[in-house]
Amino acid sequence: YYSTNREIDGIARINIENNEETIITTAVIQDFQVLENEIYFTDNINNFYKMSLTGIDLNRISDDLRLKQFQIVGKWIYFVDIETKSLNKIKLDGTDKTLVTDKIKDNNYNVTNDRIYFFDTENKKICSVNLKGNNYKEIVTIQANRTKINIADDILYYLDTSKDESQISQMYRIKTNGNQAKKIEY
């Protein structure tokens, strides 16, 4: 499954046997995630939907939610509420909206099975909280005003301003406990 914008905007799938493309929906997609037998997605006006893998049974998850990007972990959908600029979560059916933390104000976060990693833009720090928004930890301070973060096992990957004039950004890796920061050569 992938987002397509060639001839038709939307979500498509490709059959790896015969390379045949099937358009699932023609909505203009902001973000999407496939989970078991359903596709969850946000459209260009920040509405949130789920549908079957065939595109049938399209349902808006909630009339109240306005979001761009989201992450599904377990039975919860994590997202930054556009109006309150805070990280929230809801159940997969759209019920039980809960504030997780107001420390996360934009979509630069990564939810794992036990922690949420995010970039604190005001203090230029990559930090983490537990899934309830507590147990705040600072991991690393960076120079860049923006970054991307990704987690694999117990390693956090991020971009920072490069000290080498031949490139704009430099990728680094650090353990999620803040130890052993290392520049990645590429």
Side-chain angles (χ1 to χ4, degrees), residues 1-16 19-119 126-133 146-159 176:
Y1 293 87
Y2 59 96
S3 178
T4 181
N5 61 359
R6 289 186 304 176
E7 292 135 25
I8 301 173
D9 288 331
I11 298 174
R13 72 170 174 246
I14 195 152
N15 183 322
I16 58 173
N19 237 14
E20 181 180 319
E21 180 183 66
T22 304
I23 303 295
I24 307 299
T25 182
T26 57
V28 180
I29 304 299
Q30 289 271 352
D31 194 15
F32 80 97
Q33 188 171 339
V34 177
L35 181 68
E36 297 174 5
N37 295 319
E38 294 180 307
I39 300 171
Y40 292 79
F41 71 94
T42 53
D43 66 13
N44 62 325
I45 55 174
N46 306 320
N47 292 316
F48 193 39
Y49 299 93
K50 73 175 176 179
M51 66 182 169
S52 67
L53 295 178
T54 60
I56 301 172
D57 299 326
L58 175 66
N59 295 301
R60 192 163 169 188
I61 291 180
S62 172
D63 292 332
D64 303 352
L65 294 177
R66 294 284 181 266
L67 60 139
K68 291 182 181 180
Q69 297 175 331
F70 61 94
Q71 293 180 35
I72 300 174
V73 175
K75 297 180 183 198
W76 293 96
I77 301 166
Y78 292 82
F79 64 95
V80 172
D81 185 300
I82 291 171
E83 293 175 7
T84 63
K85 297 205 181 327
S86 59
L87 186 71
N88 292 265
K89 67 180 182 178
I90 57 169
K91 289 186 177 177
L92 291 175
D93 64 2
T95 61
D96 292 339
K97 181 179 175 186
T98 306
L99 172 68
V100 177
T101 181
D102 59 4
K103 291 180 179 3
I104 302 173
K105 301 181 184 315
D106 62 31
N107 287 310
N108 198 350
Y109 65 93
N110 196 307
V111 183
T112 66
N113 287 329
D114 60 349
R115 295 201 65 80
I116 303 167
Y117 298 86
F118 64 97
F119 181 54
I126 298 175
C127 308
S128 71
V129 292
N130 65 20
L131 295 179
K132 293 182 178 182
R146 298 180 63 160
T147 189
K148 293 285 186 183
I149 56 175
N150 217 330
I151 309 293
D153 297 320
D154 67 340
I155 305 294
L156 183 146
Y157 297 87
Y158 64 96
L159 292 175
T176 53

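Keep in mind the model is a prediction, meaning the values are calculated, not measured. FYI, the numbering just counts along the sequence from 1.
- Between Leu156 atom CG and Tyr158 atom OH the span is 8.0 Å, to the nearest 0.5 Å.
- Ring-centre distance between Phe70 and Tyr40: not below the 6.0 Å cut-off.
- Here the CG atom belonging to Asp93 is positioned 8.5 Å from the CD1 atom belonging to Ile77, to the nearest 0.5 angstrom.
- Side chains of Ile90 and Phe48 form a contact here, defined as non-hydrogen atoms less than 4.5 Å apart.
- Between Ile149 and Asn108, the shortest heavy-atom contact is CG1-OD1, 3.6 Å.
- For the atom pair NZ (Lys68) and OG1 (Thr42), the distance works out to 9.5 Å, reported to the nearest 0.5 Å.
- Checking side-chain atoms of Thr25 against main-chain N and O of Gly10 turns up no donor-acceptor pair under 3.5 Å.
- In the model, Tyr109 has no side-chain atom that pairs as donor or acceptor with a side-chain atom of Gln69 under 3.5 Å.
- Residue Asn113 places its CG atom among 12 or fewer non-hydrogen atoms of other residues, nucleotides or ligands, all under 6.0 Å distant.
- Across Leu87 and Leu99, no two heavy atoms sit closer than the pair O-CD1, 3.6 Å.
- Between Ile24 and Arg13, the shortest heavy-atom distance links the atoms CD1-NH1, 3.3 Å.
- When atom types are taken as modelled, the side chain of Gln71 and the backbone of Val111 share a donor-acceptor pair closer than 3.5 angstrom.
- Side-chain atoms of Asn110 and Thr112 include no donor-acceptor pair closer than 3.5 Å.
- We find the OG1-CD1 distance between Thr101 and Ile116 to be 8.0 Å, quoted to the nearest 0.5 Å.
- With contacts defined as side-chain heavy-atom distances shorter than 4.5 Å, the pair Tyr49/Met51 does not qualify.
- Between Gln30 and Asn46 the shortest heavy-atom distance is NE2-OD1, 4.2 Å.
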- Query: Could you walk me through whether Tyr1 and Phe32 pass the side-chain contact (heavy atoms from CB on, under 4.5 Å) check?
  - Reply: CA-CA 10 Å; Tyr1 293 87; Phe32 80 97; 4.0 Å; yes
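- In plain terms, the two heavy atoms of Ser86 and Thr84 that are nearest each other are OG-OG1, 2.8 Å.
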- I would like to know whether Lys97 and Asp64 meet salt bridge (charged side-chain N to carboxylate O under 4.0 Å, His left out); could you show each step before the answer? CA-CA 10 Å; Lys97 181 179 175 186; Asp64 303 352; over 6 Å; no
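- More than 12 heavy atoms of other residues, nucleotides or ligands sit less than 6.0 Å from atom CZ of Arg60.
- To the nearest 0.5 Å, atoms CG (Asn59) and NZ (Lys50) are separated by 6.5 Å.
- Of all non-hydrogen atoms in Ile23 and Ala12, the two that sit nearest each other are CD1-CB, 3.9 Å.
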- Message: Walk me through whether Val34 and Ile11 qualify under side-chain contact (heavy atoms from CB on, under 4.5 Å).
- Response: CA-CA 11 Å; Val34 177; Ile11 298 174; over 6 Å; no
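- Under a 3.5 Å cut-off, the side chain of Thr98 and the backbone N or O of Asp96 do form a donor-acceptor pair.
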- Starting from the C-alpha separation in whole Å, work towards a yes-or-no answer on side-chain contact (heavy atoms from CB on, under 4.5 Å) for Ile104 and Val80. CA-CA 8 Å; Ile104 302 173; Val80 172; 4.2 Å; yes
- Show your working on side-chain contact (heavy atoms from CB on, under 4.5 Å) between Phe119 and Asp106 and close with a plain yes or no. CA-CA 9 Å; Phe119 181 54; Asp106 62 31; 5.7 Å; no
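- Summarising the geometry, atom CG belonging to Asp154 is positioned 5.0 Å from atom OG1 belonging to Thr176; distances are rounded to the nearest 0.5 Å.
- A side chain to side chain contact (heavy atoms under 4.5 Å, CB included) with Ile39 is found for one member of Thr54, Leu53, Ile29 and no other, namely Leu53.
- Looking at heavy atoms from C-beta onward, Thr22 lies out of side-chain contact with Asn15 at the 4.5 angstrom threshold.
- Contact check for Trp76 versus Leu131: no side-chain heavy atoms found under the 4.5 Å cut-off.
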